[in-house]
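First the proteins, then the strands, lettered A, B, ... as listed; each starts at 1.
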2 protein chains.
Amino acid sequence: MAAEEDPGREAWMLLIQLFRSQRREMAAMQTELGLNLAQAHLLKAIEAPQGNPMSEIAEALFCDASYVTGLVDKLEERGLVQRLPSPDDRRVKLVALTEAGRTARANFMCRLSQPPPFIESMSVEDKRALCDIFAKAAQALQDNG
Amino acid sequence: MAAEEDPGREAWMLLIQLFRSQRREMAAMQTELGLNLAQAHLLKAIEAPQGNPMSEIAEALFCDASYVTGLVDKLEERGLVQRLPSPDDRRVKLVALTEAGRTARANFMCRLSQPPPFIESMSVEDKRALCDIFAKAAQALQDNG
DNA sequence: TATTGTTATACTCTATAACTATA
DNA sequence: TATAGTTATAGAGTATAACAATA
């Protein structure tokens, strides 16, 4: 089936293209924040006040645990997170936000969520529709693992 | 303004997350095809039968011309494209599909456009809505440069 | 023996700067 | 002098494999 006949295929192809068109702006923003997307996502993924295990974070980030080590190293150097021992299992390390991290996170998220022109210029109805559809999809993703 | 109050911001954050969730599958697909996203996009960007200039392709791919050199090198080695001299300007090289390239492109596009589960599992109404909204956005992108 | 996190390492994607040929 | 494409190179993002500590 050709992409033009299947709305799922066509939507996916368009999405890839739209996303790709933002590569440079995304890179510039990451430089500006001194934070790459993975690190931003990591900050967002820390939900428990006492911190989350590295392995849990790797899963939330859809990446390998070995990569998380490096990400946490850099965030720890900047004083945004800290590694804490888990009371339950001495192998596990919990990654928790510091006070500075909590403050910084809000600012990062504000900058990061600034939508690119291809979204910004949509009608508010389209933005809402997009938002609803994506929210459902993200929920399904979380439910199905 | 927080992301939860602005559908544009929220849609963008969800989109980043959904896209990110497909990183591994996308990588696997690229390995399977022996083609990265940039190369696939390049193949798609060749529209004129006599080929398109490298600089034009770089623009279509949102990347630097120096990177296009390498992409074309690899595609040429595989016999999918060829560099042709431009009749107008001896500095310019036109990148054209070979016969094999034309055949291969259709197959690549078929595989590439296979939507990920987060799209596949949507209702057909949502897929159509997504498709319409993205098509408008892509059109605007093309119009505004 | 299995699992958590780390280290060492290597590979891919991509840009920047310097260069060649042509305009 | 300016432009199209190439080369050399460097940096970022990420995975794999081997390892140490703990379970």
Side-chain angles (χ1 to χ4, degrees), chain A residues 16 19-42 45-46 51-77 81-96, chain B residues 16 19-42 45-46 51-77 81-96:
Chain A
I16 291 177
F19 213 86
R20 212 183 151 72
S21 75
Q22 292 306 305
R23 289 185 329 101
R24 288 177 145 139
E25 288 75 10
M26 302 255 291
M29 188 193 59
Q30 289 168 233
T31 302
E32 176 194 326
L33 296 179
L35 207 68
N36 69 20
L37 273 185
Q39 288 172 304
H41 205 121
L42 196 164
I46 300 177
N52 299 73
M54 308 277 290
S55 58
E56 217 174 286
I57 288 177
E59 202 178 344
L61 264 52
F62 311 102
C63 75
D64 195 88
S66 67
Y67 182 48
V68 176
T69 295
L71 294 177
V72 172
D73 283 350
K74 282 182 215 113
L75 292 173
E76 205 168 27
E77 277 167 29
V81 304
Q82 52 189 335
R83 285 174 167 94
L84 300 173
S86 161
D88 305 330
D89 184 333
R90 289 202 301 175
R91 289 173 306 178
V92 172
K93 291 175 193 170
L94 300 174
V95 184
Chain B
I16 290 176
F19 213 87
R20 212 181 151 73
S21 77
Q22 291 306 305
R23 290 185 328 103
R24 287 179 147 138
E25 288 74 8
M26 303 255 289
M29 189 194 58
Q30 289 167 231
T31 303
E32 176 195 326
L33 296 179
L35 208 67
N36 69 21
L37 274 186
Q39 287 173 305
H41 206 121
L42 195 162
I46 300 177
N52 298 72
M54 309 277 290
S55 56
E56 217 173 287
I57 289 177
E59 201 178 345
L61 263 55
F62 310 101
C63 75
D64 194 87
S66 67
Y67 182 47
V68 175
T69 296
L71 294 176
V72 172
D73 284 350
K74 282 182 217 113
L75 292 173
E76 204 168 28
E77 278 168 28
V81 304
Q82 53 189 336
R83 284 174 168 94
L84 301 173
S86 161
D88 304 328
D89 184 333
R90 289 202 300 176
R91 290 172 306 179
V92 172
K93 292 175 191 170
L94 299 174
V95 184

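Looking at residues two or more places apart in sequence or on another chain, you find a side-chain contact (heavy atoms from CB on, under 4.5 Å) between A/Ala45 and A/Ala60, A/Leu61. Applying the side-chain contact (heavy atoms from CB on, under 4.5 Å) test to A/Gln30 and every residue at least two apart in sequence or in another chain returns A/Met26, A/Asn36, A/Leu37. Every residue two or more places apart in sequence or in another chain was checked for a ring-ring contact (aromatic ring centres under 6.0 Å, His included) with B/Tyr67, and none qualifies. Partners of B/Met54 according to the side-chain contact (heavy atoms from CB on, under 4.5 Å) rule, which considers only residues two or more places apart in sequence or in another chain, are B/Val68, B/Thr69, B/Val72, B/Arg83, B/Lys93, B/Val95. By the ring-ring contact (aromatic ring centres under 6.0 Å, His included) test, B/Phe62 pairs with no residue at all, sequence neighbours left out. By the salt bridge (charged side-chain N to carboxylate O under 4.0 Å, His left out) test, B/Glu77 is found to be paired with no residue, residues two or more places apart in sequence or in another chain being considered. B/Leu33 meets the side-chain contact (heavy atoms from CB on, under 4.5 Å) test with B/Met29, B/Leu35, B/Phe108, B/Arg111; sequence neighbours excluded.
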Considering only nitrogen or oxygen atoms on both sides, find all protein atoms under 3.5 Å from nucleotides 19-23 of chain D and state each distance.
from   : atom 1 : to      : atom 2 : distance (Å)
D/dA23 : OP1    : A/Arg90 : N      : 2.8

Can you check nucleotides 10-16 of chain C for protein contacts, nitrogen or oxygen pairs under 3.5 Å, and list what you find?
from   : atom 1 : to      : atom 2 : distance (Å)
C/dC13 : OP1    : B/Asn36 : ND2    : 3.2
C/dC13 : OP2    : B/Asn36 : ND2    : 3.3
C/dT14 : OP1    : A/Arg23 : NH1    : 3.4
C/dT14 : OP2    : B/Tyr67 : OH     : 2.9
C/dA15 : OP1    : A/Arg23 : NH2    : 3.3
C/dA15 : OP2    : B/Asp64 : N      : 3.0
C/dT16 : O4     : B/Ser66 : OG     : 2.8

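Computed from coordinates, the B/Met26 CE to D/dA15 P distance equals 14 Å when rounded to whole Å. We find that CE of B/Met54 is positioned 19 Å from P of C/dT20, with the value rounded to whole Å. Between B/Leu42 atom CG and D/dG5 atom P the separation is 12 Å, expressed in whole Å. Across the protein-nucleic acid pair, B/Lys93 atom NZ and C/dT22 atom C1' stand 11 Å apart, rounded to whole Å. One can place CD of A/Glu76 at 13 Å from P of C/dG5, the figure rounded to the nearest angstrom.
A/Ser55 comes within contact range of the sugar-phosphate backbone alone, with a heavy-atom separation under 4.0 Å but no base atom that close.
Residues B/Asp64 and A/Arg24 have side chains in contact (heavy-atom distance under 4.5 Å, counting atoms from C-beta outward).
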